[in-house]
Structures are given as C-alpha cells and as structure tokens.
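What follows is a single structure, written as structure tokens, with notes after it.
Given the structure is predicted, the values throughout are model-derived calculations rather than measurements. In the text below, chain A, chain B and the rest are named by the order of the sequence lines, each starting its count at 1.
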Amino acid sequence: MRDPPARFDPDPSLSRAAMEALQCEIADAAVFDDDLPFDPARVGETGPDAPLVAGVDQAFLTDREPERAVSAIVLWRGGEVVERTHAVLDVDLPYIPGLLSFREAGSILAAFRTLDRDPDVALFDGSGRIHFRQAGLATHVGAALDLPSVGVAKSLLCGTPRESVDELPAGARVPVEVRDGDDLDAPVGTVVGYAYQSRQFPDSRRINPLYVSPGHRVSAGTAVALVARCGGDYKLPEPTRLADAYADEVKRELRE
DNA sequence: GCGACAG
DNA sequence: ATCTTGTCGC
C-alpha cells in the first residue's frame, strides 16, 4: 500500500498538548459520513469483486526494553484470508487513555506499507469517533491513509448508550450518543457509534457488546452494518479475530 | 479535588 | 495490552 502523507504522523515524541492538538486537526479532516468506493452491502460476499476488508490488531513484547509492538493485518474477503502481513516496532510511549494511536499507529502504518493489495476498508481494535476529541485509533489511521475505517472496541471509552446495554439479544444495536456532561467534543445528541451485540449466549451468562464507531469516510450506521457482515461465530468480527490470532502467532515466534 | 478512561 | 493452567460448566 502507498506511503501515507506525513500530515497526521503519530509522532510519539510530541508533547501531550501537541498530540491533542493534532487529534483535533484529524477530527476536523475526518469524514464521518459514507464516502465509500464500494458497496458496503456486499461485504461478506465471495469473489474477486467483493470488498476487501482489513482486520488490524496488536500484540506487545514486554520481555525487553524498549517494549515492541507487533501490528498484524489480515485481508479478508467473504470468509477467505487473501493476505497477511505484520510489522514489529519499538515503542516507548505507555498506554494513555485518549492517546492510544500515538502508541500503536506507528507499527500499524509500517505494516500497511508492506501490504501488496489495497483494502477497501479497515477494522481496528479500538475506537474511532467514540473518543474525547473524535480522533480514536481508527480515525487517526484511517485519516492518515485516507482509507475508509471502522473502530471496533471491546469497551466504551466515552459517550452514553441511549438505553441499557445489559441483556441485549444477538444482533441488537443501541446508539451511543453525546449527552450533556460527556467528555466528547461533539454536539449533544450526536450519535458517535453503536453498542453492537454481535453474539449472545443461549443461557443467562452475559457477553458485553462491541462498541462500533466511524473511523473515516463511514457513517455510524454503515459502520455497524459493515461489522455485522463480517460475522463469524465469535464476539469479534472475523477480520479482527484473525488479526488478533496472527499477532499472537508472530509474538510467540518472536520470543523463541 | 473527584471521577473516568480504547489497548 | 500483559503475567498464565487448570478448570468449572454446558
């Protein structure tokens, strides 16, 4: 995949204030509406013309200093893995809520550079627009590459579900909106994403929903619809789950 | 000061 | 995210 313009470079040496300022620029440039060069309704279909979905995930090696990040990308189309790649980079920035992309985007962008094919859309492990400054990991990387992107988080960073997300049936989606008092830089009432119950146990045990939000060039509604089409039998959508497993695989090999 | 916080 | 085996339950 082509090199990203350096405009939104996730430089981990920036001051916290500079990182936050850059995030505001990113949110300003990001598009939270559908601007897709493909039909999202065709995600999940088989064949050479069906959309190519990239699943992206990280694993970390903490056995040395500095810590190393393994970013894995799996290109998925209609249940088939078309391509896999990964990159390993040193990271010195710790995890800071709200600044995740400055810790992880470097290795992610490095991995994207080694990709042979251009994906149509990418799914990230983390938030997109559901972020204090509307610039989560999915938005940062999506905007940097000008690639349609979606955030798929396992827990909610900010924003408020419109109704309880306890005991949702499989397939249910609840809007996550901005309420008065929320630390989220968007007008009150804005739907910044959805809680999406991808799977549910038949018995009473509970599975937390996923929190899906627009990264770049995708609306909130299309983002969930798209994730729902990446099905599979687990909580996480297939591209993400496969990238997660691949990152762990690379990590195992790397510490032998 | 308190609370709350993706991975 | 990571440290980590077996184990309780359907």
Side-chain angles (χ1 to χ4, degrees), chain A residues 10 12 16 19-20 23 26-27 30 55-73 86 88-109 111 122-142 149-161 165 176 178-185 192-196 199-216 220 223 227 233 235-237 240-241 243-252 254-255:
Chain A
R16 178 167 186 142
M19 289 180 181
E20 295 183 352
Q23 289 182 325
I26 289 167
V56 185
D57 191 36
Q58 281 67 243
F60 293 83
L61 289 154
T62 54
D63 56 338
R64 279 182 12 185
E65 284 300 320
E67 190 179 7
R68 288 171 295 169
V70 177
S71 281
I73 302 177
H86 72 271
V88 183
L89 255 71
D90 288 349
V91 293
D92 46 346
L93 188 70
Y95 164 68
I96 300 167
L99 300 179
L100 183 66
S101 62
F102 290 90
R103 169 173 165 79
E104 306 193 341
S107 56
I108 292 174
L109 291 171
L123 267 41
F124 292 88
D125 62 315
S127 289
R129 195 183 189 183
I130 294 180
H131 178 275
F132 311 129
R133 290 165 292 281
Q134 302 188 91
L137 179 66
T139 301
H140 194 150
V141 178
S149 63
V150 173
V152 181
K154 293 181 288 296
S155 59
L156 188 60
L157 176 62
C158 56
T160 308
V165 297
V176 172
V178 180
R179 293 276 178 84
D180 189 35
D182 279 343
D183 182 10
L184 207 168
D185 188 26
V192 291
Y194 283 88
Y196 172 57
R199 298 290 146 186
Q200 193 53 282
F201 286 131
D203 57 53
S204 58
R205 288 181 304 166
R206 226 193 89 185
I207 293 184
N208 296 314
L210 292 174
Y211 293 91
V212 179
S213 59
H216 180 48
V227 167
D233 300 320
K235 171 173 174 170
L236 293 175
T240 302
R241 194 182 66 82
D244 182 87
Y246 181 41
D248 280 338
E249 184 183 322
V250 172
K251 175 178 171 173
R252 287 198 311 265
L254 228 42
R255 62 180 176 189

inquiry  = Is A/R255 close enough to C/dT2 that one of its side-chain N or O atoms is under 4.0 Å from OP1 or OP2 there?
reply    = no

ask   = Counting any heavy atom closer than 4.0 Å, what does A/A59 reach on the DNA or RNA strands: base, sugar-phosphate only, or nothing?
value = sugar-phosphate

query = Under 3.5 Å, is there a donor-acceptor pair linking the side chains of A/T62 and A/E67?
reply = no

request  = Return the value, rounded to whole Å, for the distance between atom CG of A/L156 and atom C1' of B/dC5.
outcome  = 10 Å

ask   = Quick one: A/M19 CE to B/dA6 P, roughly how many Å, whole number?
value = 17 Å

request  = For A/D248 and B/dG7, give me the distance from atom CG to atom C1', rounded to whole Å.
outcome  = 13 Å

key: Between OG1 on residue A/T139 and CZ on residue A/R133, distance to nearest 0.5 Å   = 12.0 Å

request  = Take A/I96 and A/R103 through the side chain to side chain contact (heavy atoms under 4.5 Å, CB included) test and state the conclusion after the steps.
outcome  = CA-CA 8 Å; A/I96 300 167; A/R103 169 173 165 79; over 6 Å; no

request  = Round to the nearest Å and state the distance from A/L93 atom CG to B/dG7 atom P.
outcome  = 17 Å

query = Hey, does A/F132 reach any base, or is it just sugar-phosphate, or nothing, if we go heavy atoms under 4.0 Å?
reply = base

key: Nucleotide B/dG3, atom P - distance to CG of A/D183 in whole Å   = 16 Å

query = For B/dA6, does either OP1 or OP2 sit under 4.0 Å from a side-chain N or O belonging to A/Y95?
reply = yes

task = Please tell me if the side chains of A/D125 and A/L137 come closer than 4.5 Å, counting only heavy atoms from C-beta onward.
result = yes

ask   = In whole Å, what is the span from the OH atom of A/Y211 to the C1' atom of B/dG7?
value = 16 Å

key: Between C/dC3 (P) and A/E67 (CD): distance, integer Å   = 10 Å

task = Please say which of A/Q58, A/E104, A/H86 ends up in a side chain to side chain donor-acceptor pair (under 3.5 Å) with A/S71.
result = A/Q58

task = Have a look at A/L99 and say if it touches a base, only the backbone sugar-phosphate, or nothing, with a 4.0 Å heavy-atom cut-off.
result = base

query = Can you tell me how far P of B/dG3 sits from CG of A/D182, to the nearest Å?
reply = 18 Å

request  = Verify the contact: side-chain N or O of A/S155 to OP1 or OP2 of B/dC5, cut-off strictly under 4.0 Å; return yes or no.
outcome  = no

query = OP1, OP2 of C/dA1 versus side-chain N and O of A/K154: anything below 4.0 Å?
reply = yes

query = Out of C/dT2, B/dG7, B/dA6, which has the shortest distance to the side chain of A/L157?
reply = B/dA6

